[in-house]
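Contents: one structure, followed by commentary.
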Amino acid sequence: VMTGRSRARDRSRPSGGALAWAPWSALGGQWFDAADGTSGSPVSAWTARGATAVATQGTVAKQPAAPAVNVNLGNELACAFDGGDILVSGTQIDLSAGWTLVSVLRFGALRNWTGIARVSTGETTGAGASDGVVLYADSAGGLVIGSPDASSWFRLASGGTLVANTSMAFIASCSGSSASITIERGVISGGSISWSTVTLGGLTGTFAMPSASGRYLQPGGGWNTAGSRFVGDLALNAAVGRVLTAGETTLLKSYLAGRFAL
């Protein structure tokens, strides 16, 4: 059962029937969108837009809820994750020369550590893996980006950046050095997305880009343990193997506002 295809309307397609600007077509990468491609209830497989990848989870206890309309995300579909759920893409993505991570979600509880986006070697187990990149929140509302094990390297923003039960969008990018990391945070409220650039602290550890092969996007994944997975409603989770241009970022923000901030 393709639960994500049951929507009466997809705002990426205007009333005239022609497909509007779509990030998965224009930007490449893997785009897991709750409005399309989920299978099962709960979700055991999630096909990315354009069939670029399929993320799966064979353990029922780790499967998120089937997509449901979320009034806090523009009445778009989102999958509820309970903090133990995770899917893993079966297609590797090369982020070694640069990367952009995109997530649209509504936080539930914030805890140490609540996953926002994760690209790593596989499902979070034990101490995790050092090779890859993960964006996550702490219980005080701090925002952290670093290696999946958060010990090889990380950079963080001060507490209060994030708030529980808030709808948000994130665009994080890196062109190849810790100094080039940029995180834009969008607060979804009142029919709009208010964007701001997050100020990150200094680098801790030894920065490294993800390896060119063997790295997989993991919707719901968090820091280094099963207890760090995402809690809340996930509408969109994507990774692109390069930094977006300023023009592409503007188009992406417009697209996100048009779908998730109505």
Side-chain angles (χ1 to χ4, degrees), residues 27-32 46 48 52-59 62 81 83-103 105 111-138 142-157 170-183 198 200-230 234 236-244:
L27 307 177
Q30 297 179 13
W31 294 78
F32 291 98
W46 192 349
T52 52
V54 180
T56 60
Q57 176 54 257
T59 302
K62 298 177 183 179
F81 285 70
D85 303 329
I86 184 173
L87 293 96
V88 180
S89 172
T91 302
Q92 65 188 17
I93 186 165
D94 183 357
L95 306 183
S96 61
W99 43 259
T100 299
L101 306 177
V102 182
S103 290
L105 51 83
R111 58 180 185 167
N112 286 344
W113 306 85
T114 303
I116 298 171
R118 177 185 172 95
V119 175
S120 187
T121 55
E123 184 176 318
T124 314
T125 56
S130 61
D131 194 331
V133 61
V134 60
L135 178 66
Y136 54 97
D138 64 23
L143 187 64
V144 187
I145 192 160
S147 58
D149 63 0
S151 61
S152 298
W153 68 270
F154 65 88
R155 296 183 65 186
L156 71 157
F170 295 91
I171 303 173
S173 64
C174 177
S175 62
S177 67
S178 171
S180 73
I181 295 173
T182 299
I183 302 174
V198 177
L200 293 167
L203 174 68
T204 298
T206 302
F207 175 81
M209 293 291 281
S211 295
S213 60
R215 305 298 167 259
Y216 303 88
L217 181 59
Q218 301 163 30
W223 180 45
N224 67 348
T225 66
S228 70
R229 294 172 186 164
F230 175 62
L234 183 63
L236 185 68
N237 189 207
V240 179
R242 61 184 180 85
V243 176
L244 307 186

Problem set entry | side chain to side chain contact (heavy atoms under 4.5 Å, CB included) assessment of T114 paired with F230 | CA-CA 5 Å; T114 303; F230 175 62; 4.0 Å; yes

Say you draw a straight line from [atom1] of [X] to [atom2] of [Y]; how long is it, rounded to the nearest 0.5 Å?
{"X": "Y216", "Y": "T121", "atom1": "OH", "atom2": "OG1", "answer": "9.0 Å"}
{"X": "L200", "Y": "I183", "atom1": "CG", "atom2": "CD1", "answer": "4.5 Å"}
{"X": "I116", "Y": "L105", "atom1": "CD1", "atom2": "CG", "answer": "6.5 Å"}
{"X": "Q218", "Y": "S89", "atom1": "CD", "atom2": "OG", "answer": "9.0 Å"}
{"X": "I171", "Y": "L135", "atom1": "CD1", "atom2": "CG", "answer": "12.0 Å"}
{"X": "F154", "Y": "T204", "atom1": "CZ", "atom2": "OG1", "answer": "4.0 Å"}

Contacts of type side-chain contact (heavy atoms from CB on, under 4.5 Å), residue [X], not counting sequence neighbours:
{"X": "S228", "result": "W113, W223, T225"}
{"X": "F207", "result": "W153, C174, S178, I181, L203, M209"}
{"X": "S175", "result": "S180, V243"}
{"X": "S213", "result": "Q92"}

For this session: Any pair with a residue in residues 93-102 that passes salt bridge (Lys or Arg N to Asp or Glu O under 4.0 Å), sequence neighbours left out, goes on the list, sorted by first then second residue, please.
Result: none

For this session: Starting from the C-alpha separation in whole Å, work towards a yes-or-no answer on side chain to side chain contact (heavy atoms under 4.5 Å, CB included) for W31 and V240.
Result: CA-CA 9 Å; W31 294 78; V240 179; 3.9 Å; yes

For this session: Could you give me the CA-CA distance, side-chain angles and deciding distance for L87 and F81, then say whether side chain to side chain contact (heavy atoms under 4.5 Å, CB included) is met?
Result: CA-CA 10 Å; L87 293 96; F81 285 70; 4.1 Å; yes

Does [Y] offer a backbone N or O that forms a donor-acceptor pair with the side chain of [X] under 3.5 Å?
{"X": "R118", "Y": "G222", "result": "yes"}
{"X": "Q30", "Y": "T91", "result": "yes"}
{"X": "T100", "Y": "R242", "result": "yes"}
{"X": "R229", "Y": "G221", "result": "no"}
{"X": "Q57", "Y": "A55", "result": "no"}

Taking every non-hydrogen atom, the tightest pair across [X] and [Y]:
{"X": "A239", "Y": "V119", "answer": "CB-CG2, 4.3 Å"}
{"X": "S130", "Y": "D149", "answer": "CB-OD2, 3.3 Å"}
{"X": "A117", "Y": "L101", "answer": "CB-CD1, 4.1 Å"}
{"X": "G29", "Y": "T52", "answer": "O-OG1, 3.6 Å"}
{"X": "I145", "Y": "A172", "answer": "CD1-CB, 4.2 Å"}
{"X": "A157", "Y": "V198", "answer": "CB-CG1, 3.5 Å"}

For this session: With side chain to side chain contact (heavy atoms under 4.5 Å, CB included) as the test, would you mind laying out the steps for R155 and V144 before giving the verdict?
Result: CA-CA 6 Å; R155 296 183 65 186; V144 187; over 6 Å; no

Exercise. Any side-chain heavy atom of L234 sitting closer than 4.5 Å to one from P219?
Worked result: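 A side-chain contact exists here, since the closest heavy-atom pair is under 4.5 Å.
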
Exercise. Quick one: ring-ring contact (aromatic ring centres under 6.0 Å, His included) partners of F170, sequence neighbours excluded?
Worked result: none

